[in-house]
There are 2 protein chains.
Amino acid sequence: MGRGKIVIRRIDNSTSRQVTFSKRRNGIFKKARELAILCDAEVGLVIFSSTGRLYEYASTSIKSVIDRYGRAKEEEHVADPNTELKVRH
Amino acid sequence: MGRGKIVIRRIDNSTSRQVTFSKRRNGIFKKARELAILCDAEVGLVIFSSTGRLYEYASTSIKSVIDRYGRAKEEEHVADPNTELKVRH
DNA sequence: ATATCTATTTATAACTG
DNA sequence: TCAGTTATAAATAGATA
């Protein structure tokens, strides 16, 4: 999606990496928001930049997403104990 | 990005909503993966469909992202106690 | 419901002030 | 660096099978 095609591998130049990070971070947050609205989904997105800075988006709240995630995982394990074993090993 | 332009609001028809969900979910997971690789970022993405089904992506693991998120939030509060007050009220 | 196709919109890589 | 532009690649809405 640009003047040149790129291959998906770590951008070595830190300035270019920072510029790409900033552009694509905006892009993915927009996509997350659109998905949540269009499809009535609950979406949580957490990003740590290579410099360690935190960026977050949630259609509800990150706390809500994390809590629901924990509950969903518990249910998975109850529903299929074998999955639990696989995950643990 | 399609034959017609759309407005970002809930898709009422549940079949269309499901189709769009499936396409855009794939798209955003791809974007998340590309961002992580290109920009050397840690990315965690959790999506619950309108039917309650869980989909997840993490460049490391969701657990790692949640743990790091918790630590980052703690640090924010230490750095700026006023933010903590605002968040809590 | 599921998959593939393609016209079109959208995202963005490289460029520019 | 840093915001804006533009040519092009990529995503996807609607169509079709």
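These numbers were taken from a predicted model, which means no experiment stands behind them. Just so it is clear: chains get the letters A, B, ... in the order the sequence lines come, proteins before strands, and each one is counted from 1.
- As rounded to whole Å, 11 Å separates atom C1' of D/dT12 from atom CD1 of B/I11.
- Atom NZ of A/K30 is separated from atom P of D/dT12 by 11 Å (rounded to the nearest Å).
- Atom-to-atom distance recorded for A/R9:CZ and B/D40:CG is 12.0 Å, nearest 0.5 angstrom.
- In the hydrophobic clustering of ILVMFWY residues, with side-chain heavy atoms under 4.5 Å counting as a link, A/F21 and B/L45 come out together.
- Rounded to whole Å, the distance from CZ on B/F21 to C1' on D/dA13 is 17 Å.
- One atom, CG of B/D12, and another, C1' of D/dA13, lie 16 Å apart when rounded to the nearest Å.
- Both tests hold for A/R68 against B/F48: distance to the six-membered ring centre under 6.0 Å, angle to the ring axis within 45°.
- Donor-acceptor pairing under 3.5 Å is lacking for the side chains of A/E42 and A/S59.
- Which of D/dA10, D/dA13, D/dT12 sits closest to the side chain of B/R3 comes down to D/dA13.
- For the pair B/A36 and B/V43, the tightest heavy-atom approach, listed with the atom from each and the gap, is CB-CG2, 3.9 Å.
- For a distance-only test at 3.5 Å, the side chain of B/K23 qualifies as a donor-acceptor partner of the base of D/dG14.
- Residue-level contact check: B/S16 touches neither bases nor backbone, having no heavy atom under 4.0 Å from any strand.
- Between B/K31 and B/Q18, the residue anchored nearer the 5' end of DNA chain C, judged by the nucleotide with its closest heavy atom, is B/Q18.
- The residue B/T15 sits close only to the backbone: its heavy atoms come under 4.0 Å of sugar-phosphate atoms, none of a base.
- Both A/Y55 and B/I47 are members of a single hydrophobic cluster when ILVMFWY side chains are connected at heavy-atom separations under 4.5 Å.
- If you measure from atom CZ of A/R24 to atom P of D/dA10, you get 9 Å, rounded to the nearest angstrom.
- A straight line from CG of B/N13 to P of D/dA15 spans 13 Å, rounded to a whole angstrom.
- For the pair B/V19 and A/R25, both in contact range of DNA chain C, the more 5′-proximal nearest nucleotide belongs to B/V19.
- Under 4.0 Å is where a charged nitrogen must lie from a carboxylate oxygen, and between B/R71 and B/D67 no such pair does.
- When the side-chain nitrogen and oxygen atoms of A/K5 are compared with OP1 and OP2 of D/dT8, none of them lie within a distance under 4.0 Å.
- Nucleotides of DNA chain C with any atom under 4.0 Å from a heavy atom of chain B span, from 5' to 3', C/dA1 to C/dT12.
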